[in-house]
Number of protein chains: 2
Amino acid sequence: MNSAVHVDDVTWTDPTCPVARTLDLVGDRWSLLIIRDAMDNARSFTDFQQRTGVARNILTDRLRRLVDHGILKRETAISGRRQVYVLTDAGRDLFTVIVALRQWGERHAFADDEAHSALVDEGGNPLARLRPTDAHGHQVDVDSTEVIRNS
Amino acid sequence: MNSAVHVDDVTWTDPTCPVARTLDLVGDRWSLLIIRDAMDNARSFTDFQQRTGVARNILTDRLRRLVDHGILKRETAISGRRQVYVLTDAGRDLFTVIVALRQWGERHAFADDEAHSALVDEGGNPLARLRPTDAHGHQVDVDSTEVIRNS
DNA sequence: CCCGATGAGTTGCATATTGAAACCATTCTG
DNA sequence: CAGAATGGTTTCAATATGCAACTCATCGGG
C-alpha cells in the first residue's frame with residue numbers, strides 16, 4: 001500500500017503525524033476544492049479556474065504542487081496545447097476525505113431549509129454516513145480512541 | 001440535526017457546496033491541527049501552542065474563530081484565569097474528517113519503513129479503514145457517484 | 001506579603017502568500 | 001486569415017503569517 005506521492009523535498013509541520021502530513025500536502029485554501037472538482041469531471045486549467053474562482057497564478061502553483069506530490073497527473077492532449085489534469089490513485093483515494101468534509105458540512109454548515117448540492121450513488125440516493133469503527137465494525141469516537149506516538 | 005455552528009457573518013467561497021463551506025470554517029493551515037489536538041486532550045492555550053507550534057497571535061485568532069463558529073467552546077476554569085477550550089458536539093463530529101485525513105496520510109504520505117503515530121481503539125488495535133458506501137452498505141467511489149447541484 | 005514563574009494574550013514589525021489585472025504565445029474555429 | 005480560447009506568466013497591491021518583545025493578571029513559595 002505504498003504511495004505514488006513524492007514526499008521528498010517537503011518539510012513537514014509535524015513529521016510523525018499522518019494528519020499533519022496530509023494537511024501539508026492538501027490542507028490549504030484551494031487544493032481540496034481543486035480535488036473536489038477533479039472528482040466532478042473538471043479536467044482543464046480553465047475548468048478548475050471557473051469552478052473554484054481561484055486566481056490564475058495560484059491555480060498554476062497548486063496544480064503544479066499537486067502534480068509534484070503525485071495527487072494529479074498532467075497529460076498533454078495528443079495534438080495541441082490542451083492540458084488535462086487527472087487524479088492519480090492517491091488522488092482518487094482522497095474521495096473519503098472529501099466525503100467526510102461534505103457530510104460534516106451538510107450536518108453543520110447549513111440551516112435546515114437551505115439548499116445544497118448532494119453526492120449520490122448510481123441510483124440517485126445519498127450515501128450512508130461515514131462512521132469510524134474498530135476492526136470489528138463497532139462504532140468508535142473521540143472518547144473511545146487514543147493516539148499512540150511513534151509506533 | 002442542525003448545527004451548533006454559527007454561520008452568520010461568514011462569506012462563503014461557494015455557498016451551495018458543503019465541502020467548500022466546511023473548508024471555509026476549518027480549512028486553513030492550523031484549524032484542523034488544533035482540532036486534532038483538542039481530540040487528543042489538549043485544552044489550554046499553551047497546550048495548543050506547544051503541540052502545533054503555531055505563532056501565538058495566530059493561535060489567538062484561530063481559537064477565537066473556532067469558538068465563534070461553534071466548534072470549540074471556551075470555559076474559564078472555576079478558580080483562576082485558566083482558560084479551557086473544549087470541543088462542542090459539532091467539533092467532536094469532525095472526528096470522521098480527522099480519521100479520514102489520518103488514514104490517507106498513513107497510506108500515502110509515509111514510506112513503508114517510516115514510523116508514525118497511530119490511532120487505536122480501547123483494545124489498542126487500529127481502526128477499520130473508512131470507506132464510503134451507499135445506503136445498502138456497498139462501497140462506492142468517485143466513478144460510481146455524482147454531485148447533484150442545488151437539490 | 002513579596003518574588004518569581006506561568007498562563008493567556010497583545011503589539012509592532014518583517015516576511016510570505018494571495019489576489020486582481022494585464023500581458024503573452026500558441027492553437028483551434030469559422 | 002482574423003478572432004477567440006487555452007494555458008499560462010508578470011506585476012503590483014493587499015492580506016496573512018511568523019517572530020520577538022511586552023502586558024497583565026494570578027499562582028505558589030518562602
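Protein chains get the first letters and strands the later ones, always in sequence-line order, with residue 1 at the start of each.
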Nucleotide by nucleotide, 5' to 3', does protein get under 4.0 Å of the base (B), only the sugar-phosphate (S), or neither (-) in nucleotides 11-18 of chain C, counting heavy atoms? BB-----S
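Distance alone, capped at 3.5 Å, places no donor-acceptor pair between the A:Thr16 side chain and the B:His116 backbone. A donor-acceptor contact shorter than 3.5 Å is absent between the side chain of B:Thr145 and the backbone of A:Asp121. For the pair A:Arg21 (side chain) and A:Pro15 (backbone), a donor-acceptor distance under 3.5 Å is present. Between the side chain of B:Glu146 and the backbone N or O of A:Leu119, no donor-acceptor pair lies under 3.5 Å.
Here the P atom of nucleotide C:dA8 and the CZ atom of B:Arg74 are 10 Å apart, to the nearest Å. If you take CD of B:Gln83 and C1' of C:dT10, they are 15 Å apart, rounded to a whole angstrom.
Listed by residue number, the members of residues 38-50 of chain A with any heavy atom below 4.0 angstrom from DNA chain D are A:Ser44, A:Phe45, A:Thr46.
The phosphate of C:dG7 (OP1 or OP2) has no side-chain N or O of B:Tyr85 nearer than 4.0 angstrom.
A donor-acceptor pair shorter than 3.5 Å can be found between the side chains of A:Gln83 and A:Thr76. For the residue pair B:Asp28 / B:Ser31, a side-chain donor-acceptor distance below 3.5 Å is found, with atom types taken as modelled.
Among pairs with a residue in residues 45-59 of chain A, those fulfilling salt bridge (charged side-chain N to carboxylate O under 4.0 Å, His left out) read A:Asp40-A:Arg51, at least two apart in sequence or across chains. Applying the side chain to side chain donor-acceptor pair (under 3.5 Å) test to pairs two or more places apart or on separate chains, those with a residue in residues 94-105 of chain B are B:Arg102-B:Ser117.
Contact annotation: side chain of A:Arg82 to base of D:dG7, donor-acceptor pair absent below 3.5 Å. Interface remark: the A:Arg56 side chain does not form any donor-acceptor pair with the C:dA20 base, using a distance-only criterion of under 3.5 Å.
From one end of the helix from C:dC1-D:dG30 to C:dG30-D:dC1 to the other, with five pairs defining each end axis, the axis direction shifts by 30° (rounded to 10°).
Contact check for B:Arg62 versus B:Ile58: side-chain heavy atoms found under the 4.5 Å cut-off.
Salt bridge annotation for B:Arg29-A:Asp24: present, with a cationic side-chain nitrogen under 4.0 angstrom from a carboxylate oxygen.
Listed by chain and number, the residues in a ring-ring contact (aromatic ring centres under 6.0 Å, His included) with A:Trp30 amount to none (sequence neighbours excluded).
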